[in-house]
Amino acid sequence: MLIYGKQVSANLRAKIADKVNDFESSMGRKPCLAVIIVGEDPASKTYVKNKINGCAEVGMKSLSFEYPDGEPQQNIADTINSLANDDGVDGILVQLPLPKGYDESYLLSLIPDSKDVDGFSPNNLGRLAMGNPRTVSCTPLGVMNLLADTGVDLQGKNAVVLGRSNTVGKPMAMLLLNANCTVTVCHSRTVGLEEFTRKADILVVAIGKPKFVTGDMVKEGAIVIDVGINRVEGKLCGDVDFDSVEPKASFITPVPGGVGPMTITMLLYNTLCAAVDRELNKR
Ligand code: GUN
């Protein structure tokens with residue numbers, strides 16, 4: 001069966017829009033997300049545009065800061081610091097990757113934990129690792145929502161995550177562990193990868209290689225979640241070879257229309273939660 005991320009996402013956005021409306025009625029302001037982009041990467045520009053449009057769709061305020069590649073790092077740092085101190089701003093997002101020459105971890109470190117709607121800060125990642133999460137990285141959180149939508153009980157299942165990035169693979173593994181799965185993280189240096197993937201009841205693929213996972217690598221009846229977005233000969237495809245894997249999977253996400261739409265929805269959710277938490281902390 002296909003997992004329709006677009007539909008799950010639309011249902012969640014409608015609920016978020018209701019809560020945004022409640023927030024505005026009681027607080028007299030809208031939740032606000034500030035997005036910073038540096039450089040001209042076309043994919044990043046599209047993502048940022050979709051984030052800004054997503055805010056409008058659920059009734060949130062957004063601010064966008066666009067800098068050319070070559071903008072002095074101090075100017076970007078000054079913007080982040082001023083947004084950090086702006087009481088009307090709930091979330092700050094620096095679109096990654098930054099162009100070469102910028103110190104990504106320094107700039108991200110200027111975002112206070114309470115406004116880190118990407119869930120990338122050491123505190124937010126650490127809290128997730130300790131089973132007491134606050135803000136969780138958007139893509140893995142979206143995957144958990146898609147898994148919940150299948151109705152399958154995750155407890156005790158063998159979950160295999162392909163990829164170990166700080167933004168997807170690691171938080172994904174921790175979320176699955178917190179959901180009582182038995183979790184294995186595989187990556188580009190894993191020896192005998194197929195032996196692991198063939199044991200997976202749940203296979204989450206975020207390895208960044210087009211059509212990398214093929215049918216022979218997947219267990220009959222597995223749930224397969226494809227986080228990849230690749231452009232091959234002008235067409236979008238995932239990290240999973242859909243045609244050979246789909247007949248074996250009990251559930252599978254398509255690309256596009258699977259995980260992709262969930263990521264921005266989770267960003268909107270994280271921004272709403274940040275706004276609510278910040279207001280509660282003032283009391
Ligand atoms: N670039 C690709 N995905 C993301 C994301 O989730 N957050 C940020 N900040 N940059 C990204």
Side-chain angles (χ1 to χ4, degrees), residues 5 9 12 32-55 60 62-67 69 76-77 79-80 83-84 89-100 102-113 115-125 128 133-146 161 163-172 174-175 204-209 225-231 236 238-239 253 255-256 258-274:
S9 173
L12 285 170
C32 174
L33 172 68
V35 181
I36 297 164
I37 178 169
V38 187
E40 299 294 324
D41 178 64
S44 290
K45 286 181 96 164
T46 304
Y47 292 140
V48 165
K49 192 178 80 189
N50 291 341
K51 287 169 187 182
I52 300 291
N53 290 344
C55 286
M60 284 184 193
S62 62
L63 303 171
S64 131
F65 299 84
E66 294 171 30
Y67 295 104
D69 186 358
I76 299 162
T79 298
I80 298 174
L83 293 167
V89 172
D90 299 294
I92 305 171
L93 180 147
V94 176
Q95 185 65 25
L96 302 180
L98 289 167
K100 277 203 183 79
Y102 291 94
D103 184 343
E104 194 169 289
S105 63
Y106 164 67
L107 288 173
L108 293 182
S109 77
L110 302 175
I111 302 173
D113 291 328
K115 299 191 180 189
D116 169 37
V117 284
D118 258 327
F120 290 170
S121 78
N123 245 320
N124 279 325
L125 203 57
L128 175 63
R134 184 169 47 192
T135 307
V136 176
S137 180
C138 303
T139 299
L141 190 60
V143 171
M144 292 310 284
N145 274 275
L146 291 179
V161 179
R164 56 173 160 180
S165 68
N166 290 332
T167 52
V168 181
K170 282 178 201 164
M172 188 74 249
M174 294 191 277
L175 282 166
V204 181
V205 189
I207 202 154
K209 294 179 184 161
I225 306 284
D226 188 351
V227 179
I229 302 178
N230 310 286
R231 200 172 280 278
L236 284 186
D239 292 353
T253 57
V255 177
V259 175
M262 292 297 285
T263 297
I264 293 177
T265 301
M266 293 300 110
L267 173 67
L268 302 173
Y269 170 79
N270 283 347
T271 305
L272 171 64
C273 293

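Given the structure is predicted, the values throughout are model-derived calculations rather than measurements. Start at 1 and go down the list; that is how both ligands and their atoms are numbered. Reckoned from all heavy atoms, side chains included, excluding hydrogens, waters and symmetry mates.
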Would you mind listing which atoms of ligand 1 come within a distance below 4.0 Å of any non-hydrogen atom of Leu93? 9 (N)

Do Asp69 and Tyr102 have side chains that get closer than 4.5 Å, going by heavy atoms? yes

Contact between ligand 1 and Phe120 is defined here as a heavy atom of the residue under 4.0 Å from a ligand atom; is it met? yes

Any N or O of Gln95 closer than 3.5 Å to N or O of ligand 1: yes

For atom 10 (N) of ligand 1, which of Ile92, Leu96, Ile36 has the closest heavy atom? Leu96

Option passing side-chain contact (heavy atoms from CB on, under 4.5 Å) with Leu108 (candidates Leu96, Asp118, Leu98): Leu96

So the salt bridge (charged side-chain N to carboxylate O under 4.0 Å, His left out) pairs with at least one residue in residues 36-48 (sequence neighbours excluded) are Glu40-Lys45

Backbone, side chain, both or neither: what part of Val94 comes under 4.0 angstrom of ligand 1, heavy atoms only? backbone

Contact summary for Asn270 and Cys138, nearest pair of heavy atoms: ND2-SG, 3.7 Å

Does the residue Asp118 have a heavy-atom contact with ligand 1, meaning some pair of atoms that are separated by less than 4.0 Å? yes

Please give me the minimum heavy-atom distance between Leu33 and Cys55, naming the atom from each residue. CD2-SG, 3.7 Å

Counting only heavy atoms on the protein side, is anything nearer than 4.0 Å to atom 3 (N) of ligand 1? no

